[in-house]
There are 2 protein chains.
Amino acid sequence: MVSLTPRAERLLKALIEQYIADGQPVGSRTLVKQAGLEFSPATVRNIMSDLEELGLIRSPHTSAGRVPTERGYRFFVNTLLAVKPLNTQDVASLEDRFLTDQDPQQLIESVSGLLSQVTRLAGIVRVPRRAGVGFLQLDFLSLSPTRVLVILVAQDGQVMNRVIHPKRPYSPAELQQAANVFNGAYSGRSLEDVRRSLVKALRRDSEDMQQILRSAVEMAHQVFAGDERGESPLFVSGESNLLAFPELSDTEKLRRLFDAFTAKQDLLHLLDQSMVSQGVQIFIGAESGYEALESCSVVTAPYEVDGQIVGTVGVVGPKRMSYDRVISIVDLTARLLSGALSHGQAG
Amino acid sequence: MVSLTPRAERLLKALIEQYIADGQPVGSRTLVKQAGLEFSPATVRNIMSDLEELGLIRSPHTSAGRVPTERGYRFFVNTLLAVKPLNTQDVASLEDRFLTDQDPQQLIESVSGLLSQVTRLAGIVRVPRRAGVGFLQLDFLSLSPTRVLVILVAQDGQVMNRVIHPKRPYSPAELQQAANVFNGAYSGRSLEDVRRSLVKALRRDSEDMQQILRSAVEMAHQVFAGDERGESPLFVSGESNLLAFPELSDTEKLRRLFDAFTAKQDLLHLLDQSMVSQGVQIFIGAESGYEALESCSVVTAPYEVDGQIVGTVGVVGPKRMSYDRVISIVDLTARLLSGALSHGQAG
DNA sequence: CCTGGCACTCAGAAAGCGGGAGTGCTAAGA
DNA sequence: TCTTAGCACTCCCGCTTTCTGAGTGCCAGG
């Protein structure tokens, strides 16, 4: 870890803050004026020269000011950044958004929009994989003779549903019975567990299994299979906010970035990475390891249900983002979401 | 309506097709070569001059080729365009996408992604308002003493759900009973209808109403209320495809366009407009009436459930899109979706 | 070790300059 | 009367040139 004189630190901090504020390379003169430093531009130039040697800042070209490098940003967030608490108004407006009695799935999805709105960057949310959750109940509902609606409820209140087309018509009574048998057998076990049992049950296909239960198993298996290949567990909102940043307006890069938002693969990996440890994590530029994100920084924080990390929320923006503000917001959001999802929580 | 000599029509058609293909203003010489015309560039220039007077084409500047105006495009799609059927391969790949046993809601949502993939433009989908649909069944499921999951199933197989927090704990048996009573009273009626009755029931709050039914009404009312203020009924996908078109790469316009995708207000109005009549509709540039869309064309088609128009699918792209292809795709998609959503449909 | 001074560098804007694509017009030919 | 070849003209585009100003590095004096 680099160590700097207090003066150099102060200067670096001022420089980065200035650059974050207006995106222009900052020169010695402006820096002195803006930060109200008590030494001269020439001195500042000397110090900046040192900082450049350390790889913390660089000039885009000979006679421009200096710009932070990724290392500079990293040093900044690691040791210079004082994360100041959000003002109470921001806090209140965030809290408001978690007071609704929403279906948890929808609440989670809405968080990406929330984050993008308050940060004016792109918000992302990693939705929990449902496999580990407990299975609560299965219902069959006849829509028409050939179409049966299967509703599967998990213990955390998430609901999955799917229309299936059984090979022969079933009466409502038969369906009811099938559901009862099924629920009796599996209620309370984890989805993963149920899934494994189902696969085994289908393979063995034992004679002693009642016809109706086998149908239930088949149907439910379809639902699980659908869940498996299912929708991407990642939501992105507010991509268009990023168009406001000139440093991201290179069309080719922009396209790559937006493609990454659509493909979701890279982001998903990044968010999975951030699920292993608690608290806010920050990936600056190439640190993420993904080319499409090399002009961006990503700030993430995992959220929990009943003490167990199940997903991640985050924000994607240009490297020159207001880290202090963004960090506070992401952190608070993750905690509010955890609170809203955990049991024993009153509405 | 303008009327043109057959030669002029042929020329205009060739010019627009050429311009759609490569986005460059097209001059008399290239036009002769490209379209294999049997007259000379000079003649072409004369005809182009006429077309320009009619406002169908224009030069961006003195010595560039010609570019279609909106009027030109309009004439093109109205009278010159022979919508050729899609090749069987495209048809097959589209049809494939509608064969899955999906929850209708999800199927509808996925169509915007489908459209954006096959057209390489932005796909949009207007989701049905649910109020008119018939109500099928309500279920209460106890998640914890203070949290009850309400599951509402509509006759078209759509499922809405929401966690509510009743004022006092209810036993599973009570909940079951409430659901039974409720379903007995309302099953088969339209959501709109149920909603109205609920409001009335709550107001009157009659003594003869059993306590448990009243709770059911209250809970269900919460669900309906949630549905009311509910999520935006519009889905957009593949916005990033539009970044590939240089004519849309003006940052300011792009930003407006993407903001329109996020705000959804304008698009929603446009799609509602297109729901009033059947078949494909095309809005070229300013025809849509929305500033953000003035560099774009929008192609839409409504889809139906059991003969009733309930929503719209569409595509947003630059004015120079392959109208024939896009029209075919949007049309077919709308029809496949209608088929997949209508009853009596085998899987 | 700080600071004023000074020469130097270089991006970016403004200006100048072909080259070339494409036009409109005219006059001759069918 | 319609078509076509010819030709002068226009004006965008890409190129180079020039100029300016912001900012630097370095030196020498405090």
Side-chain angles (χ1 to χ4, degrees), chain A residues 4-12 14-19 21-69 72 246-247 249-251, chain B residues 4-12 14-19 21-69 72 246-247 249-251:
Chain A
L4 298 179
T5 65
R7 210 173 50 169
E9 286 196 352
R10 215 179 118 206
L11 199 132
L12 180 60
L15 187 149
I16 295 186
E17 280 166 355
Q18 177 66 25
Y19 183 71
D22 66 3
Q24 298 301 320
V26 10
S28 51
R29 186 184 309 263
T30 22
L31 195 50
V32 168
K33 264 189 289 187
Q34 185 274 339
L37 301 179
E38 67 281 9
F39 29 85
S40 76
T43 311
V44 169
R45 284 203 286 278
N46 288 329
I47 305 176
M48 294 211 292
S49 191
D50 299 344
L51 292 175
E52 185 155 25
E53 262 176 39
L54 290 170
L56 298 171
I57 58 179
R58 65 185 182 82
S59 333
H61 56 86
T62 319
S63 83
R66 300 308 215 291
V67 160
T69 61
E247 62 261 51
S249 70
D250 171 58
T251 317
Chain B
L4 297 180
T5 66
R7 210 173 51 169
E9 286 197 352
R10 213 177 119 208
L11 200 130
L12 179 61
L15 188 149
I16 295 185
E17 279 166 357
Q18 176 66 23
Y19 183 71
D22 66 2
Q24 298 301 319
V26 9
S28 51
R29 187 183 308 262
T30 22
L31 195 49
V32 169
K33 265 189 291 188
Q34 186 274 338
L37 301 179
E38 66 281 9
F39 29 85
S40 77
T43 311
V44 169
R45 284 203 287 279
N46 287 331
I47 305 174
M48 293 211 293
S49 193
D50 299 346
L51 292 174
E52 185 154 24
E53 261 176 39
L54 290 169
L56 297 170
I57 60 178
R58 64 184 183 84
S59 332
H61 56 83
T62 318
S63 83
R66 300 305 215 292
V67 160
T69 60
E247 63 261 50
S249 70
D250 171 56
T251 317

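Computed from heavy atoms alone, side chains included, the values below leave out hydrogens, waters and symmetry copies. Here is how names work: the chains are called A, B, and so on, in the same order as the sequence lines, proteins then strands, and each is numbered from 1.
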- line: Outermost contacting nts on DNA chain D, any atom under 4.0 Å from chain B heavy atoms, listed 5' then 3', are D:dT3 to D:dC12
- prompt: Closest approach of B:Pro68 and B:Tyr19, non-hydrogen atoms and distance?
  reply: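 Minimum heavy-atom separation between B:Pro68 and B:Tyr19: CD-CD2, 3.4 Å.
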field: Validation row: A:Arg45, A:Pro41 side chains within 4.5 angstrom (heavy atoms)
entry: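 Yes, their side chains come closer than 4.5 Å.
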query: B:Leu15 versus B:Met48: any side-chain heavy-atom pair under 4.5 Å?
result: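 Touching, per the 4.5 Å side-chain cut-off.
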Looking at residues at least two apart in the chain, or sitting in another chain, which of them share a side-chain contact (heavy atoms from CB on, under 4.5 Å) with [X]?
X        : answer
B:Ala21  : none
A:Ala8   : A:Leu4, A:Thr5, A:Ile47, A:Leu51
A:Ser249 : none

message: If you take any heavy atom closer than 4.0 Å to DNA chain C, which residues from residues 25-36 of chain B end up in contact?
response: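 When residues 25-36 of chain B is checked for heavy atoms under 4.0 Å from DNA chain C, the hits, listed by number, are B:Gly27, B:Ser28.
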message: Using side chain to side chain contact (heavy atoms under 4.5 Å, CB included), reason through A:Val44 and A:Leu11 one step at a time and then give a plain yes or no.
response: CA-CA 8 Å; A:Val44 169; A:Leu11 199 132; 3.9 Å; yes
Short N/O separations, protein against nucleotides 8-15 of chain C, under 3.5 angstrom:
| from | atom 1 | to | atom 2 | distance (Å) |
| --- | --- | --- | --- | --- |
| C:dC10 | OP1 | A:Thr62 | OG1 | 3.4 |
| C:dC10 | O5' | A:Thr62 | OG1 | 3.3 |
| C:dC10 | O2 | A:Ser63 | OG | 3.3 |

field: Protein-nucleotide distance (B:Ile47, atom CD1; C:dT23, atom P), rounded to Å
entry: 13 Å
task: May I have the distance from B:Gln18 (atom CD) to C:dG22 (atom P), rounded to whole angstrom?
output: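 So the two atoms are 11 Å apart, to the nearest Å.
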message: Checking the side chain of A:Ser59 only, and the main-chain atoms of A:Arg66 only, is there a donor and an acceptor separated by less than 3.5 Å?
response: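 Looks like no, no N/O pair under 3.5 Å.
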- prompt: Does A:Leu56 offer a backbone N or O that forms a donor-acceptor pair with the side chain of A:Thr69 under 3.5 Å?
  reply: yes
Set of residues satisfying side chain to side chain donor-acceptor pair (under 3.5 Å) with respect to B:Thr30, sequence neighbours excluded: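 B:Thr30 satisfies side chain to side chain donor-acceptor pair (under 3.5 Å) with no residue once adjacent residues are dropped.
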For residues 31-39 of chain B, which side-chain N or O atoms pair as donor and acceptor with protein atoms under 3.5 Å away, sequence neighbours left out?
| from | atom 1 | to | atom 2 | distance (Å) |
| --- | --- | --- | --- | --- |
| B:Gln34 | NE2 | B:Gln18 | OE1 | 3.3 |
| B:Glu38 | OE1 | B:Arg10 | NH2 | 3.2 |
| B:Glu38 | OE2 | B:Arg10 | NH1 | 3.4 |

Protein and nucleotides 24-26 of chain C: nitrogen or oxygen contacts under 3.5 angstrom:
| from | atom 1 | to | atom 2 | distance (Å) |
| --- | --- | --- | --- | --- |
| C:dG24 | OP1 | B:Arg66 | NH2 | 2.8 |
| C:dG24 | N7 | B:Arg45 | NE | 3.2 |
| C:dG24 | O6 | B:Arg45 | NH2 | 3.2 |

- request: Would you please name every residue forming a salt bridge (Lys or Arg N to Asp or Glu O under 4.0 Å) with A:Glu9, sequence neighbours left out?
  value: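 So A:Glu9 forms no salt bridge (Lys or Arg N to Asp or Glu O under 4.0 Å) with any residue.
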query: With A:Arg58, which residues qualify under salt bridge (Lys or Arg N to Asp or Glu O under 4.0 Å), at least two apart?
result: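 By the salt bridge (Lys or Arg N to Asp or Glu O under 4.0 Å) rule, A:Arg58 matches no residue at all.
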- line: Computed from five pairs at either end and rounded to 10 degrees, the angle between the axes of the helix from C:dC1-D:dG30 to C:dA30-D:dT1 is 20°
